[in-house]
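This report concerns only the one structure given below.
Heavy atoms only: backbone and side chains are in, while hydrogens, waters and symmetry mates are out. The model shown is predicted, which means the values in this text are computed figures rather than measured ones.
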Amino acid sequence: MIIKFKDIPITDRPRERLKKYGCENLSNEELLAIILKVGTKDLSVLDVSRSILANYGDVKNLNYATLNKLKSLKGVGEVKATVILASIELGRRIYQTSTSLKKYNINNPRDIVSYYKEVFKDKKQEEFHIIYLDVKNNIITTKKMFIGTLNKSLVHPREIFKDAYLNSAAKIVCVHNHPSGDVTPSKEDIYITRNISEIGRIHDIILVDHLIIGGNIYFSFCENHYLK
């Protein structure tokens with residue numbers, strides 16, 4: 001027997017249960033139903049939620065969801081798909097903010113790697129980030145400079161050092177990922193690192209390290225004596 005959403009007692013509906021018991025006590029399908037708000041002519045919002053979760057097998061696999069894939073599922077459509085993707089991205093950003101990099105020891109590259117390997121997890125493209133430090137190696141702020149394959153046309157030292165001046169930074173750390181998992185620096189990686197280091201000396205802003213991360217492994221330009 002199929003129970004229609006309108007036949008569910010109001011007190012047992014997801015929003016009411018959230019107000020009464022708290023969101024931590026709701027099932028994945030109930031939380032997703034609240035995000036989706038409504039179902040379709042043929043499917044209740046809970047039915048749509050169940051269908052989405054069944055299609056992905058596990059709620060954690062929604063991390064791999066794409067607009068086209070979600071749109072192809074029965075009862076979803078473009079509007080619901082964009083709402084789901086926005087909710088996933090917001091959750092990701094909240095998580096990254098709550099696990100602040102500022103609690104890590106900048107003097108130990110493994111601590112930086114432990115943070116950024118989560119930032120880069122499941123990324124299909126390279127991302128280039130800068131960590132700005134004060135004279136005591138305290139983290140002032142971080143910034144994602146660009147997304148895409150590392151090359152001279154994308155990495156502009158002037159942008160890096162402009163933000164360094166705006167934040168009164170004395171030192172910087174570069175961090176980028178290799179989605180392939182191979183952290184061997186390319187010729188372009190080496191060229192750009194040396195270029196940033198040399199320009200940093202002119203501006204009296206030290207390049208402390210450049211870390212390349214691939215999965216759970218990393219390459220440190222400092223540890224491998226590429227920086228003098």
Side-chain angles (χ1 to χ4, degrees), residues 60 63-64 89 92-93 95-228:
K60 67 181 181 182
N63 191 46
Y64 306 102
E89 180 59 25
R92 183 181 293 117
R93 294 183 187 185
Y95 172 78
Q96 290 176 2
T97 301
S98 65
T99 56
S100 174
L101 183 61
K102 292 187 176 182
K103 71 181 182 180
Y104 292 100
N105 178 1
I106 201 69
N107 294 307
N108 184 348
R110 291 175 182 80
D111 289 333
I112 304 303
V113 171
S114 70
Y115 174 82
Y116 272 101
K117 73 178 184 181
E118 294 300 323
V119 174
F120 295 143
K121 186 178 180 181
D122 304 320
K123 299 291 186 182
K124 304 302 181 185
Q125 296 188 76
E126 290 188 18
E127 293 187 3
F128 190 85
H129 293 238
I130 300 290
I131 305 171
Y132 293 97
L133 312 169
D134 64 17
V135 293
K136 295 182 179 180
N137 280 359
N138 296 312
I139 297 171
I140 299 171
T141 189
T142 64
K143 183 173 182 180
K144 178 165 65 178
M145 299 303 295
F146 77 90
I147 300 174
T149 303
L150 201 64
N151 61 58
K152 288 177 281 189
S153 64
L154 284 174
V155 180
H156 298 294
R158 65 176 178 271
E159 295 299 322
I160 294 172
F161 292 103
K162 179 185 75 175
D163 285 320
Y165 279 113
L166 289 174
N167 288 286
S168 300
K171 305 175 185 180
I172 61 172
V173 175
C174 300
V175 189
H176 86 278
N177 63 317
H178 281 182
S180 67
D182 181 359
V183 296
T184 305
S186 66
K187 291 182 179 178
E188 206 71 46
D189 295 336
I190 295 169
Y191 172 86
I192 289 168
T193 303
R194 288 176 175 167
N195 193 29
I196 292 171
S197 180
E198 290 170 5
I199 294 173
R201 289 194 197 99
I202 295 171
H203 293 276
D204 199 25
I205 297 173
I206 301 169
L207 175 60
V208 177
D209 203 349
H210 181 180
L211 299 168
I212 301 174
I213 300 172
N216 292 317
I217 61 175
Y218 75 96
F219 178 91
S220 163
F221 277 78
C222 180
E223 289 182 342
N224 286 277
H225 309 295
Y226 279 77
L227 299 175
K228 297 179 181 179

State, with a plain yes or no, whether a side-chain heavy atom of Ile130 is found less than 4.5 Å away from one of Asp163. no
Verify the ring-centre separation between Tyr218 and Phe120: is it less than 6.0 angstrom? no
Validation row: Pro179, Glu126 side chains within 4.5 angstrom (heavy atoms): yes
Test your reading of the model: is there a side-chain donor-acceptor pair from Tyr132 to the backbone of Ser168, 3.5 Å cut-off? no
Is the shortest side-chain heavy-atom distance between Ile196 and Ile172 below 4.5 Å? yes
Ile192 side chain reached by His210 side chain, heavy atoms, under 4.5 Å: no
Within a strict 4.5 Å, meaning less than it, do heavy atoms of the Ile140 and Leu133 side chains meet? no
Do the two ring centres, one from His176 and one from Phe146, sit under 6.0 Å apart? no
Are the side chain of Asp209 and the backbone N or O of Cys222 linked by a donor-acceptor pair below 3.5 Å? yes
Apply salt bridge (charged side-chain N to carboxylate O under 4.0 Å, His left out) to Glu198 and Arg201, showing your working. CA-CA 5 Å; Glu198 290 170 5; Arg201 289 194 197 99; 5.3 Å; no
Taking Ala170's backbone N and O only, do any of them form a donor-acceptor pair with Asp134's side chain (distance below 3.5 Å, no angle check)? no
State the OH-CG distance between Tyr116 and Asn177, to the nearest 0.5 angstrom. 11.0 Å
For the pair Asn167 (side chain) and Ala169 (backbone), establish whether a donor and an acceptor sit closer than 3.5 Å, ignoring hydrogens and angles. no
Under 3.5 Å donor-acceptor, Thr193 side chain and Asp189 backbone: yes
Spacing of CD1 belonging to Ile212 relative to CZ belonging to Phe128, to within rounding of 0.5 Å: 9.5 Å
